[in-house]
Amino acid sequence: MTRSEFTRRLSSALGSIPQNERGEILNDYFEHFEAELKKGKTEEEICASLGNPEEIARSYIDESTPSQGYNDGYSNSKNYENNGVNTNAASTGEIVLWTIASMFFVLIAGGFFLCMFFGGIGIVFGSFTVSWISFTVTEFSSGFVNIGIGAIFLMIFGACLSVISIWCCAKLFPTYFRFISSRISGKKLPKQKKKSKVFIIVILILLVVSLLTAMILISTGVTALIHDNIFEFLVDLVHDFIERHAPDALIYWEVHIFPYISDSVCSLPDALPSLI
Amino acid sequence: MNIQFKKGVLEMCVLLELCKGDKYGYEISSSLTKAIDISDGSVYPVLRRLKQEGYVSSYLVESSEGAPRKYYTITEHGRALADNSLQEWKTFSSRVNMLIENGGNENDTK
């Protein structure tokens with residue numbers, strides 16, 4: 001047997017041991033080969049005295065099962081750390097897990113925040129809207145209606161987000177943990193049936209639809225409000241301009257022009273702009 | 001000689017070797033294989049397990065001739081285990097010897 005054959009066979013027989021530990025083990029044999037070669041032995045001889053690589057590998061795998069260590073805290077904790085064959089096997093998996101976990105915790109927080117914040121706004125705006133509609137319907141109040149309904153949709157969005165976050169914690173994370181623990185114990189994970197797929201798809205659709213609806217409604221509402229405000233603002237600006245630079249023409253503006261262009265603006269109650 | 005016999009005492013022998021002073025893997029392996037005729041490959045797994053369980057620790061030493069060498073040093077726990085094992089071994093082997101002598105006598109008489 002040549003050195004490379006020995007190494008290859010040992011490496012593949014150590015397959016169940018994680019990469020970095022396998023590297024350490026192979027390094028021990030690398031050192032052994034180097035030392036023996038320096039002594040003038042041939043690769044053949046060295047391999048012969050080392051023994052069967054598969055058998056060597058088996059002794060590593062057997063060795064790493066829990067053994068009755070010296071009974072004190074130190075070696076116990078050591079055992080705890082190192083006895084599982086793959087202490088570091090799940091390192092990639094763990095990184096992925098914690099990335100996803102932190103993402104979803106943000107989502108949970110975000111979901112509840114959105115739910116409460118926009119829901120609150122929705123209720124406030126909605127009630128104002130309802131009370132306002134009962135008096136008069138103008139351009140201005142349609143902006144309120146849109147924002148109010150949009151905020152209610154945002155509330156639905158927040159609720160869906162919360163449901164998804166909870167679902168992730170209840171279903172997705174345990175699946176992930178099982179996956180990782182199966183990698184640590186080296187047992188194969190039994191394949192699970194995918195339940196509640198329909199439920200989560202419905203929630204996801206609701207999530208997207210409610211968000212889109214809310215965005216459209218709110219943006220149109222805000223546009224309407226801004227439009228009204230800008231209109232009123234411009235009218236005021238013209239009024240101020242005339243008052244300052246041509247006071248004589250003010251009566252002409254107020255009597256002949258202003259009533260025609262700002263019928264709807266003037267009909268708004270004074271209280272409304274201060275609400276925004 | 002029976003391989004199980006050797007395996008049992010190998011751990012103790014490794015610890016006793018390290019009680020004499022820090023050594024690198026190959027040194028331990030070659031001195032043990034010379035003494036008790038085991039395959040060279042059987043020492044490294046034992047060293048690794050002893051390290052995992054905290055009985056020995058290792059450190060790298062730059063070597064003038066090639067790659068750095070991994071030296072092993074025995075810990076306090078390792079020393080305690082070595083003393084313990086040695087004590088057990090002595091009692092055990094003396095009893096076995098006694099048994100063999102008695103058994104041999106019995107066999108002779110039968």
Side-chain angles (χ1 to χ4, degrees), chain A residues 1 6-7 9-10 13-14 17 21-39 41 45-85 87, chain B residues 3-4 6-8 10-12 14-15 23-34 37-58 60-72 74-85 88:
Chain A
M1 204 191 320
F6 177 88
T7 311
R9 275 171 62 182
L10 180 62
L14 288 170
I17 289 178
E21 287 184 40
R22 213 187 309 164
E24 276 178 36
I25 292 168
L26 290 174
N27 194 53
D28 286 342
Y29 292 92
F30 175 85
E31 277 182 36
H32 184 86
F33 270 104
E34 291 296 305
E36 291 277 66
L37 285 171
K38 257 187 207 110
K39 275 181 149 187
K41 285 193 182 176
E45 285 167 345
I46 301 167
C47 291
S49 62
L50 274 173
N52 182 344
E54 282 78 21
E55 210 155 286
I56 292 172
R58 210 172 314 127
S59 64
Y60 278 104
I61 292 159
D62 294 343
E63 299 285 358
S64 49
T65 51
S67 65
Q68 63 288 34
Y70 218 62
N71 203 8
D72 60 48
Y74 177 68
S75 64
N76 274 352
S77 68
K78 271 282 178 184
N79 281 348
Y80 182 74
E81 276 178 356
N82 291 317
N83 267 334
V85 185
T87 321
Chain B
I3 187 82
Q4 291 302 328
K6 292 175 187 169
K7 263 194 175 173
L10 193 54
E11 180 185 290
M12 183 182 74
V14 169
L15 287 171
K23 287 179 175 175
Y24 60 95
Y26 176 71
E27 246 181 310
I28 302 165
S29 166
S30 54
S31 59
L32 284 184
T33 43
K34 244 179 245 162
D37 186 36
I38 46 161
S39 67
D40 286 344
S42 51
V43 175
Y44 297 106
V46 175
L47 271 173
R48 183 167 180 78
R49 180 166 56 78
L50 287 173
K51 191 187 158 189
Q52 282 184 336
E53 290 171 0
Y55 297 121
V56 303
S57 59
S58 67
L60 287 178
V61 173
E62 291 296 330
S63 148
S64 54
E65 26 182 292
R69 278 170 177 165
K70 195 199 269 180
Y71 271 81
Y72 292 88
I74 193 161
T75 64
E76 264 178 50
H77 308 279
R79 230 173 256 280
L81 181 66
D83 289 347
N84 212 33
S85 307
E88 278 178 10

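Chain identifiers are assigned alphabetically (A, B, ...) following the order of the sequence lines, protein sequences preceding nucleic acid strands; residue numbering begins at 1 within each chain.
Defined by atom type and a distance below 3.5 Å, a donor-acceptor pair is missing between the side-chain atoms of B:Tyr26 and A:Lys38.
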Working for side chain to side chain contact (heavy atoms under 4.5 Å, CB included), residues A:Glu24 and B:Lys51: CA-CA 12 Å; A:Glu24 276 178 36; B:Lys51 191 187 158 189; 4.2 Å; yes
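Of the options A:Ile56, A:Ile25, A:Asp28, a side chain to side chain contact (heavy atoms under 4.5 Å, CB included) to B:Tyr44 is made by A:Asp28 and by none of the others.
A donor-acceptor contact shorter than 3.5 Å is absent between the side chain of A:Glu31 and the backbone of B:Arg69.
Of the inter-residue distances, the one linking A:Tyr60 atom OH with B:Gln52 atom CD reads 10.0 Å to the nearest 0.5 angstrom. Rounding to the nearest 0.5 angstrom, the gap separating the OG atom in B:Ser39 from the CD atom in A:Glu55 is 7.5 Å. Here B:Asp40 contributes atom CG and A:Glu45 contributes atom CD; the two are 11.5 Å apart, rounded to the nearest 0.5 Å.
Heavy-atom distances place both the backbone and the side chain of A:Glu36 under 4.5 Å from chain B.
When all heavy atoms of A:Tyr29 and B:Gly41 are compared, the pair lying nearest together is OH-O, 3.2 Å.
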